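Residue numbers count from 1 along this sequence. Quantities reported herein were computed from a predicted structural model and do not represent experimental measurements.
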Amino acid sequence: PPEATPQPPPDFSDPAWTLLTSRAGAYEVFWRSLSGKVPRNEDFTLEVWVMRNGVPLREARLGVNAWMPDHGHGMLRNPLPTARGDGSFRIEGMLLHMRGHWQLFFEVIEGTLSETAECELDL
């Protein structure tokens, strides 16, 4: 069977999307919670798009993690990113179990290069 035609990226001007730029500036990471919110102590799923110069990065890998700097710990589980082959990822198993200040980390891996984009989040 022929491969499915990759879908174009969504409209990132929608306020549901958060734009992050990786630390060295090579990548744009757009993320949103599929439920429309980031809940406390409930499972949620993220949709994430990785772009370079406005173009979806189809060959990248993505790691996602979260950390509570004030408490010195992260999440109680490891989220599972699934690449969709069009520059987007579905991240299942997200769980921010405590009220407080969190940092989300999106590690973009392209070949031997790795850059992280981060986001501050208060629950």
Salt-bridge contact [X]-[Y] (side-chain N to carboxylate O under 4.0 Å):
X: Glu47; Y: Arg84; answer: yes
X: Arg90; Y: Glu92; answer: yes
X: Arg23; Y: Glu118; answer: yes

From CA spacing to verdict: side chain to side chain contact (heavy atoms under 4.5 Å, CB included), Thr21, Tyr27: CA-CA 6 Å; Thr21 302; Tyr27 305 108; over 6 Å; no
Minimum side-chain heavy-atom gap Leu62-Ile109 below 4.5 Å: no
Do [X] and [Y] sit in the same hydrophobic cluster, where Ile, Leu, Val, Met, Phe, Trp and Tyr count as joined when their side-chain heavy atoms come under 4.5 Å apart?
X: Trp17; Y: Phe89; answer: no
X: Phe12; Y: Leu34; answer: no
X: Met94; Y: Met68; answer: yes

Pairwise distance [atom1]([X]) to [atom2]([Y]) - rounded to 0.5 angstrom:
X: Glu42; Y: Lys37; atom1: CD; atom2: NZ; result: 4.5 Å
X: Thr18; Y: Phe30; atom1: OG1; atom2: CZ; result: 10.5 Å
X: Ile91; Y: Ser33; atom1: CD1; atom2: OG; result: 12.0 Å
X: Asp43; Y: Leu96; atom1: CG; atom2: CG; result: 10.5 Å
X: Leu19; Y: Trp31; atom1: CG; atom2: CH2; result: 12.0 Å

Glu59, CD atom: more than 12 neighbouring heavy atoms under 6.0 Å: no
Arg99, CZ: over 12 other non-hydrogen atoms inside 6.0 angstrom: no
Worked verdict on Phe106 versus Val50 for side chain to side chain contact (heavy atoms under 4.5 Å, CB included): CA-CA 10 Å; Phe106 299 89; Val50 177; over 6 Å; no
Distance-only donor-acceptor check, side chains Ser114 and Glu107, under 3.5 Å: yes
Under 3.5 Å side-chain donor-acceptor pair for Asp122 and His101: yes
